[in-house]
K.L.:
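To start, I am sharing the structure in question, which I have written as structure tokens.
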Amino acid sequence: MNETYRLQKIRNLGVRLQELELLSLAPGKSYASAALNFLFADHQLERPSGLPLEHTLKTLGEAIMAQRKVRFSQLDADAVIDFFCRLYRVH
């Protein structure tokens, strides 16, 4: 999946999180940024700044594996997006 498609899926996740009233979009913020902020806060992690999207998502994947005891050696960026899209029923 390329970065543009990843951002679109994360944006769709942000829209869904707002529909579920799990986040409110601050003025000037994007749905993608708000979704990532929510996911990091939900896993009690500080969101890394200044890093590529793929690295940011891999960091989140490591937290998922640690907190949920997932049996994967690692989750790549696309698997992390798919995990949250399934969890919050984003199409």
Side-chain angles (χ1 to χ4, degrees):
M1 184 179 321
N2 66 32
E3 188 162 321
T4 302
Y5 188 65
R6 285 181 185 143
L7 285 170
Q8 182 62 42
K9 291 201 58 136
I10 295 169
R11 181 196 174 283
N12 293 346
L13 178 60
V15 170
R16 178 67 176 147
L17 292 171
Q18 186 174 28
E19 288 172 353
L20 295 171
E21 298 180 357
L22 294 173
L23 69 82
S24 59
L25 195 62
K29 289 284 187 177
S30 69
Y31 281 107
S33 179
L36 287 173
N37 289 340
F38 170 82
L39 295 173
F40 274 92
D42 192 46
H43 287 85
Q44 300 170 346
L45 296 170
E46 184 175 330
R47 180 179 169 190
S49 61
L51 298 175
L53 179 61
E54 186 167 351
H55 180 73
T56 300
L57 292 170
K58 285 182 180 181
T59 301
L60 193 53
E62 292 170 6
I64 293 167
M65 290 186 309
Q67 292 176 356
R68 297 178 184 242
K69 312 274 190 278
V70 178
R71 296 181 186 192
F72 297 111
S73 59
Q74 68 177 2
L75 290 175
D76 66 8
D78 299 333
V80 172
I81 294 170
D82 290 340
F83 174 82
F84 286 111
C85 285
R86 281 191 311 273
L87 181 65
Y88 293 106
R89 298 182 182 166
V90 177
H91 303 288

K.L.:
Identify the two heavy atoms, one from Ala32 and one from Ile10, that lie closest to each other, and give their separation to 0.1 Å.
P.N.:
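Taking Ala32 first and Ile10 second, the nearest heavy atoms are O-CG2, 3.5 Å.
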K.L.:
Who are the ring-ring contact (aromatic ring centres under 6.0 Å, His included) partners of His55, not counting sequence neighbours?
P.N.:
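Partners of His55 under the ring-ring contact (aromatic ring centres under 6.0 Å, His included) test: none.
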K.L.:
Hey, what do you get for CG (Asp76) to CD1 (Ile81), rounding to the nearest 0.5 Å?
P.N.:
9.0 Å
K.L.:
What pairs with Tyr31 under ring-ring contact (aromatic ring centres under 6.0 Å, His included), at least two apart in sequence or on another chain?
P.N.:
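ring-ring contact (aromatic ring centres under 6.0 Å, His included) list for Tyr31, sorted by chain: empty.
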K.L.:
Might you work through the side chain to side chain contact (heavy atoms under 4.5 Å, CB included) test for Phe83 and Ile64, ending with a clear yes or no?
P.N.:
CA-CA 9 Å; Phe83 174 82; Ile64 293 167; 3.8 Å; yes
K.L.:
Going by salt bridge (charged side-chain N to carboxylate O under 4.0 Å, His left out), name the residues that satisfy it together with Glu54, two or more places apart in sequence or in a different chain.
P.N.:
Arg6, Lys58
K.L.:
Can you run down the salt bridge (charged side-chain N to carboxylate O under 4.0 Å, His left out) pairs that involve residues 80-91, sequence neighbours left out, and say none if there aren't any?
P.N.:
Lys9-Asp82
K.L.:
Is there a chain of hydrophobic side chains (I, L, V, M, F, W, Y, each step under 4.5 Å between heavy atoms) that links Leu20 to Leu25?
P.N.:
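Different clusters.
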K.L.:
Quick test of your reading: applying salt bridge (charged side-chain N to carboxylate O under 4.0 Å, His left out), list the pairs with at least one residue in residues 18-28, sequence neighbours left out, ordered by first then second residue.
P.N.:
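Residue pairs with at least one partner in residues 18-28: Arg16-Glu19.
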K.L.:
Measuring from atom OG of Ser24 to atom CG of Leu17, what distance do you get when rounded to the nearest 0.5 angstrom?
P.N.:
11.5 Å
K.L.:
According to a 4.5 Å side-chain heavy-atom criterion applied to Ile, Leu, Val, Met, Phe, Trp and Tyr, with indirect links allowed, do Val15 and Val80 form part of one hydrophobic cluster?
P.N.:
no
K.L.:
What is the distance from atom CG of Asp78 to atom CG of Asn2, rounded to the nearest 0.5 Å?
P.N.:
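Spacing of CG (Asp78) from CG (Asn2) equals 9.5 Å.
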K.L.:
List the residues meeting side chain to side chain donor-acceptor pair (under 3.5 Å) with Gln8, not counting sequence neighbours, and say none if there are none.
P.N.:
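Residues passing side chain to side chain donor-acceptor pair (under 3.5 Å) with Gln8: Asn12.
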K.L.:
Can you tell me how far the CZ atom of Phe84 sits from the CG atom of Leu60, to the nearest 0.5 Å?
P.N.:
4.5 Å
K.L.:
With a 4.5 Å limit on heavy-atom distance, are the side chains of Thr59 and Leu51 in contact?
P.N.:
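No, every pair of side-chain atoms sits at 4.5 Å or beyond.
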K.L.:
Would you list the pairs meeting ring-ring contact (aromatic ring centres under 6.0 Å, His included) in which at least one residue belongs to residues 5-29, sequence neighbours left out?
P.N.:
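Sorted pair list comes back empty.
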K.L.:
When the side chains of residues 33-45 are checked against the rest of the protein, which donor-acceptor pairs come out under 3.5 Å, sequence neighbours left out?
P.N.:
residue, atom, partner, partner atom, Å
Ser33, OG, Arg47, NH1, 3.4
Asn37, OD1, Arg47, NH1, 2.8
Asn37, ND2, Ser33, O, 3.3
His43, ND1, Leu39, O, 3.0

